[in-house]
Amino acid sequence: MSTTKAEQSLIVLGAGVVGLTIAYLAALADDVSFDIKVIARDLPEDTDFSQAWSSPYGGANWSPMELGGENERVRKWEEKTFNKLWDMIPTGLVKLLPTRLYTAQSRDDKVSDLWWKDLVRNIRVLPPSDIPEPFKAGVAFDTVSVNPSEYLPWLQSELISRGVTFERRNVASLDELRSLVGPDGMLVNASALGSRSIIGVQDTKLYPIRGQTILVHAPGLQECLLVYSATEEATYIIPRPGKGQPDTAILGGTFQPGNWDTSLDMQIARGIFDRCAALAPCLKSAESRILKYYVGLRPERKGGPRVELEQIALPLQSTDGLIPWNGSPTSDRDGEQSMLVVHAYGFGPGGFQRSWGAAEEVLELVKAQVALKHNT
């Protein structure tokens with residue numbers, strides 16, 4: 001029996017946390033030899049310069065979200081991701097994060113009623129004496145957080161060390177990737193909100209959720225505090241790991257669906273700081289200071305994330321004749337071609353906490369196509 005690995009060219013479009021994690025797992029594959037190239041308009045070194053992608057501005061912790069309790073597929077992604085990140089705590093890239101979640105509504109829920117009770121660690125109902133006013137109920141548990149400004153560059157450096165190449169390119173149409181993917185290659189589309197406008201995808205189910213946060217230096221913050229809210233006004237304090245810049249935390253925030261505005265609103269910033277300082281008075285101490293303001297757009301999708309295989313005929317066709325020319329004349333020899341695309345986008349506020357699980361599923365889809373090709 002031959003032990004030769006199958007070889008496969010793989011183009012990953014998008015260098016956010018999902019795209020980088022997919023590329024990382026592909027680079028580690030022991031049964032397929034992937035030749036991987038990551039193409040993106042925004043790269044990990046742009047974490048402080050571009051508001052056009054969401055990963056640098058994410059809360060980047062694991063926290064309970066409704067979709068995980070409603071969708072078994074998403075729940076599995078979150079479970080796999082949580083366990084992976086928990087195992088990475090000794091590396092220093094991931095922080096073990098004691099957390100308290102408060103709600104202003106009286107609840108009779110028990111821990112056993114929470115869909116995520118077996119996912120986090122050390123979960124318990126808070127006694128009334130541990131719940132500050134005006135809140136009525138709460139739970140405590142241990143979870144995890146990462147620091148995007150260190151975690152994303154780490155993923156990139158790991159990929160480069162394994163021979164993965166990166167190219168900065170603003171892709172407007174899948175036709176532009178035709179020659180790069182080639183007749184035998186595959187494309188992973190992890191372009192987040194970009195998939196709404198990239199010709200050949202144009203997924204109008206995608207929409208932004210505007211988030212505004214504050215990055216602070218606050219050595220007194222060692223616990224994550226979350227307030228359950230069903231409004232656009234969110235309150236959370238998420239301490240982060242950090243080797244280059246320790247003792248930082250994200251204060252949030254906003255949750256504004258359909259809002260594309262990336263400008264800073266100082267009135268909102270004041271509200272965020274005041275709400276968070278009410279929970280953690282140490283934010284007003286002399287040793288705490290504001291470092292940066294962030295505004296980002298979470299890539300949400302109606303119906304949930306899209307992770308699926310699609311075969312797309314190229315060159316793209318249009319009844320209106322308005323497909324842009326990609327600069328490469330076609331001939332009879334290289335005319336029509338189909339491109340295998342695995343889509344992986346629309347994770348909304350859950351990109352970090354679903355990244356490893358979703359990446360596993362994407363790689364399974366890719367490998368299944370590799371197996372089909374090599375068995376025919």
Hydrophobic clustering (ILVMFWY, side-chain heavy atoms < 4.5 Å, transitive) - are Trp62 and Leu114 grouped together? yes

Between Leu67 and Arg354, does the side chain to side chain contact (heavy atoms under 4.5 Å, CB included) criterion hold? Intermediate values first, please. CA-CA 11 Å; Leu67 187 59; Arg354 299 166 187 163; 3.9 Å; yes

Given Tyr293, which partner from the list Ile214, Thr213, Ile272 fulfils the side chain to side chain contact (heavy atoms under 4.5 Å, CB included) test? Ile214

Starting from the C-alpha separation in whole Å, work towards a yes-or-no answer on side chain to side chain contact (heavy atoms under 4.5 Å, CB included) for Leu193 and Arg301. CA-CA 9 Å; Leu193 277 178; Arg301 183 174 182 270; over 6 Å; no

Taking the six-membered ring of Trp53 as reference, does the NZ or CZ atom of Arg41 fall below 6.0 Å from its centre and within a 45° cone about the axis? no

Kindly give the heavy-atom pair with the smallest separation between Ala190 and Val18, and that separation in Å. CB-CG1, 4.5 Å

Determine whether the aromatic ring centres of residues Trp154 and Tyr24 are separated by less than 6.0 angstrom. yes

Is the backbone N or O of Gly296 less than 3.5 Å from a side-chain atom of Ser54, with the two atoms forming a donor-acceptor pair by type? no

Side chain of Glu150, backbone of Gly244: donor and acceptor closer than 3.5 Å? yes

Should Val120 and Ile89 be regarded as members of a common hydrophobic cluster, given that ILVMFWY residues are connected when their side-chain heavy atoms come within less than 4.5 Å of each other, either directly or indirectly? yes

Side chain to side chain contact (heavy atoms under 4.5 Å, CB included) between Leu97 and Asp142, intermediate numbers included: CA-CA 6 Å; Leu97 197 60; Asp142 290 341; over 6 Å; no

Heavy atoms, side chains only, cut-off 4.5 Å: are Ile312 and Leu316 in contact? yes

How many angstroms lie between CG in Asp175 and CD1 in Ile198, if you round to the nearest 0.5 Å? 12.5 Å

Contacts satisfying side-chain hydrogen bond (donor to acceptor under 3.5 Å, both in side chains) that involve residues 125-135 (not counting sequence neighbours) are none

How about Leu85 and Phe352: do any of their side-chain heavy atoms sit closer than 4.5 Å? no

Would Leu93 end up clustered with Val146 when hydrophobic side chains under 4.5 Å apart are linked, directly or stepwise? yes

Could you measure the distance from the SG atom of Cys224 to the CZ atom of Arg240? Nearest 0.5 Å is fine. 11.0 Å

Within this structure, what is the CG-CG distance for the pair Leu28 and Leu159, rounded to the nearest 0.5 Å? 8.5 Å

Indicate yes or no: does Arg73 engage Glu361 in a salt bridge with an N to O separation below 4.0 Å. yes

Side chains of Asn189 and His343, donor plus acceptor under 3.5 Å: yes

Using a strict cut-off of less than 4.0 Å between a Lys/Arg side-chain nitrogen and an Asp/Glu carboxylate oxygen, indicate whether Glu308 and Arg306 qualify as a salt bridge. yes

When rounded to the nearest 0.5 angstrom, what is the spacing between OG in Ser195 and CG in Leu206? 6.0 Å

Do Leu340 and Leu187 come close enough that some side-chain heavy atom pair is under 4.5 Å? no

Carboxylate-amine/guanidinium contact Glu45 Arg168, below 4.0 Å: yes

Answer yes or no: is there a donor N or O on one side and an acceptor on the other, between the side chain of Gln311 and the main chain of Val341, under 3.5 Å? no

Identify the two heavy atoms, one from Ala27 and one from Val164, that lie closest to each other, and give their separation to 0.1 Å. CB-CG2, 4.2 Å

Just checking Lys284: does its NZ atom have more than 12 heavy atoms from other residues, nucleotides or ligands closer to it than 6.0 angstrom? no

With a 3.5 Å distance limit and no angle check, can you tell me whether Glu158 reaches the backbone of Leu155 through a side-chain donor-acceptor pair? no

Hydrophobic cluster identity match, Leu226 and Leu96, side-chain contacts under 4.5 Å: yes

Walk me through it: do Phe166 and Gln156 pass the test side chain to side chain contact (heavy atoms under 4.5 Å, CB included)? CA-CA 9 Å; Phe166 285 76; Gln156 183 184 40; 3.6 Å; yes

How about Leu251 and Tyr294: do any of their side-chain heavy atoms sit closer than 4.5 Å? no

Where do Lys117 and Ile123 come nearest, in terms of heavy atoms and distance? O-CG2, 3.8 Å

Tell me the closest heavy-atom pair linking Tyr236 and Cys276, and the distance in Å. O-SG, 3.6 Å

Share the residues that join Phe255 in a hydrophobic cluster, the rule being Ile, Leu, Val, Met, Phe, Trp or Tyr side chains under 4.5 Å apart at the heavy-atom level. Tyr207, Ile209

When every non-hydrogen atom of Leu10 is compared with those of Ala26, the smallest separation belongs to CD2-CB, 3.9 Å

In one Ile/Leu/Val/Met/Phe/Trp/Tyr side-chain cluster, 4.5 Å: Leu126, Leu101: no

Side chain to side chain, Pro241 and Ser145, heavy atoms closer than 4.5 Å: yes

Taking the side chain as everything from C-beta on, heavy atoms only, tell me whether Arg289 gets closer than 4.5 Å to Val216. no

For ring-ring contact (aromatic ring centres under 6.0 Å, His included), just list the numbers for Trp116 and Phe82, CA-CA rounded to whole Å, side-chain angles, deciding distance to a tenth of an Å, and then say yes or no. CA-CA 11 Å; Trp116 44 278; Phe82 187 98; over 10 Å; no

Is a side-chain N or O of Lys76 found less than 3.5 angstrom from the main chain of Ala358, in a donor-acceptor match? no

Is a donor on one side and an acceptor on the other found under 3.5 Å between the side chain of Arg298 and the backbone of Arg210? yes

OG of Ser191 to CZ of Arg196: how many Å apart, nearest 0.5 Å? 13.0 Å

Contact check, side chains of Ile39 and Val12, non-hydrogen atoms, under 4.5 Å: no

Would you say Thr99 and Leu225 make side-chain contact, with heavy atoms under 4.5 Å? no

Check for a donor-acceptor pair, side chain of Thr231 on one end and backbone N or O of Glu233 on the other, with a separation under 3.5 Å. yes

Could Lys80 and Glu360 be called an ion pair, given the rule that one side-chain N must be under 4.0 Å from one carboxylate O? yes

Any chance the side chains of Tyr345 and Asp203 put a donor and an acceptor closer than 3.5 Å? yes

Under 3.5 Å, is there a donor on one side chain and an acceptor on the other for Lys367 and Gln8? no

Output the distance between atom NZ (Lys95) and atom OG1 (Thr143), rounded to the nearest 0.5 Å. 12.5 Å

Would you say the side-chain atoms of Arg275 and Thr235 include a donor-acceptor pair closer than 3.5 Å? yes

Glu167 and Arg169 ion-paired at < 4.0 Å: yes

Provide the closest heavy-atom pair for Pro349 versus Glu300 in the form atom of the first, atom of the second, distance. CD-OE2, 3.5 Å

Check whether more than 12 heavy atoms from other residues, nucleotides or ligands sit under 6.0 Å from atom CD of Glu72, and answer yes or no. yes

